[in-house]
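Structure, as structure tokens:
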Amino acid sequence: MPEEHHHHHHHHHKKDGASLFKQKSLEGIRRRKLIEKVLKMALVVVAVIMAISVILAYTIL
């Protein structure tokens, strides 16, 4: 089945340098957005942990 799909795609639109570059650029953009999302989540988690640590430090001391 993947072979069939590949053949159809090749027939429909030949991969030239420009389309390959465009595809790679789109993949890069998608990857960058995913990484940004993960980093933002990590920053939020770190911020929450720091806030809890500060609250605990002040309540304990």
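We number each residue from 1, following the sequence as shown.
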Query raised in the report: Quick one: CD on Glu27 to NZ on Lys22, what's the gap to the nearest 0.5 Å?
Result: 13.0 Å
Report task. Give the other cluster members for Ile29, using side-chain heavy-atom distances under 4.5 Å between Ile, Leu, Val, Met, Phe, Trp and Tyr residues; answer none if it is isolated. Result -> none
Report summary line: Joining Ile, Leu, Val, Met, Phe, Trp and Tyr whenever any side-chain heavy atoms lie under 4.5 Å apart, the cluster holding Tyr58 also takes in Val54
Report summary line: Between the NZ atom in Lys37 and the NZ atom in Lys33, the distance rounded to the nearest 0.5 Å is 9.5 Å
Query raised in the report: Quick one: do Leu26 and Leu34 end up in the same hydrophobic cluster if we chain Ile, Leu, Val, Met, Phe, Trp and Tyr together by side-chain heavy atoms under 4.5 Å apart?
Result: no
Query - Shared hydrophobic cluster for Val44 and Ile52 (ILVMFWY, side-chain gaps under 4.5 Å) - result: yes
Query - Test side chain to side chain contact (heavy atoms under 4.5 Å, CB included) applied to Leu39 - qualifying residues, sequence neighbours left out - result: Ile35
